[in-house]
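In each ligand, atom 1 is the first atom listed, and ligand 1 is the first ligand listed. Heavy-atom basis, side chains included; hydrogens, waters and symmetry copies ignored. As the structure is a prediction and not an experimental result, all values here were calculated from the model.
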Amino acid sequence: MQIDYAARQAKLRAIQGADAIVLVPGSNLYYFTGLQFHLSERPTIAIFTPDGHFSIIIPELEVTKLHQRPDLEGRAFAWSDTDGYAEAFRQAVEELGLRGKRLGVDGLTMRVTEWLEFQKVDPTMQISALEREIIAIMARKTPDEVEAMRKAIRISEAALDKMLTWVEPGMTERAIATRLSEDLGALGSEGNAFEPLIQTGPNSALPHGMISERALQRDEFLLVDFGGRYEGYPADITRTFCIGTPTAEMQKIYDTVRAANEAAIKAGGPGVPMGAVDKAARDVITNAGYGEYFIHRTGHGLGLDTHEPVPQIAAGVEDLLEPGMVFTIEPGIYIPGMGGVRIEDNVVVTESGIDVLTSYPRKLNLGR
Ligand code: CO
Ligand code: CO
């Protein structure tokens, strides 16, 4: 993937409301620079100033990463474990003219640790949480980014196909998850986008529950929420199955969630309020009498982070969908003690509507 980092950084510098944008290690920093660091006890912080320069306070042992990227023209304020980082922060503030200035940060990832170091240098410095502005830039995906997600999805769907050939009653959730992860890797995925969630029977009623040693039984729900990764970009797919014979109630819940998923897909498109997509799914579930059991938003942004805060497909959000935005549509019904169904697809907003990136069949009964 050919990436124009200078163009991405120009958009970052154009954000209003701060004198400089600072980013800590993670998806944001990777998106705007291609540099990958772990967020650790050693402060690493990138500073984007309006003069067009990119600077970074960086542990000495990481400086080689910068040398491998002359295209970034980054300026390093390096610090060593022996000397500590206070001096690097002081130099950066002085030489970049940040005294008394306001830093714009992603409030979801910026830590108090780094902020206190700036404050030690100059207590008059200020800070603003600008994650919505920062993440809005990342929310509009290029065709290359969408293509990477299509590949991640294709690999994931192939792994799901394979899973249905070997999954049997008696296997534990953990064993299913382990084998699914192995299949993903063998099919070309860069590991899991997130730990696969396998939930059987009553466990499926706990969205974001934990994986357990419970064994799958016949005639109950098997919920699989997982995704591979390709060129850094994830898939995030959920399908719910039943080996054996589902009860009429299970089938009704499934059909309702499926109808909600399809209604949300139909509702989406450029210029549509995000909340309208949530409402389309929620109305179907409420009208079927299960409204109180749909206990989360309909979807989330999908990108380098599996959960991106833009777009937010939730009740009442009036922001409009824009071409290039990729997000999940994942309505669910969760009946405590009995079980739950979620069907999650990944879509991209186009100039004229919605393109569904996932293509895996939505079918409860596996016929065996
Ligand atoms: Co998911
Ligand atoms: Co999701």
H300 N/O/S atom closer than 2.8 Å to the Co ion (ligand 2) =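 H300 does place an N, O or S atom closer than 2.8 Å to the Co ion (ligand 2).
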Is the Co ion (ligand 2) under 2.8 Å from any N, O or S atom of D225?
-> no
So which of the N, O or S atoms of [X] lies nearest the Co ion (ligand 2)?
X	answer
D236	OD2
E330	OE2
E344	OE2

Do R214 side-chain atoms and P202 backbone N/O form a donor-acceptor pair below 3.5 Å?
->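 No: the side chain of R214 does not pair with the backbone of P202.
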Donor-acceptor contact present, side-chain R150 to main-chain T358, <3.5 Å | no
Are a donor atom and an acceptor atom from the side chains of T200 and Q217 found within less than 3.5 Å of each other?
->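 No, no side-chain donor-acceptor pair sits under 3.5 Å.
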For E330 and H300, test the side chains for any donor-to-acceptor distance below 3.5 angstrom and give the result as yes or no.
->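 The criterion, which ignores hydrogens and geometry beyond distance, is satisfied for H300 and E330.
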Determine the interplanar angle of the H296 and F294 rings, folded into 0 to 90°, and report it as parallel if under 30°, tilted if 30 to 60°, perpendicular if over 60°.
-> perpendicular
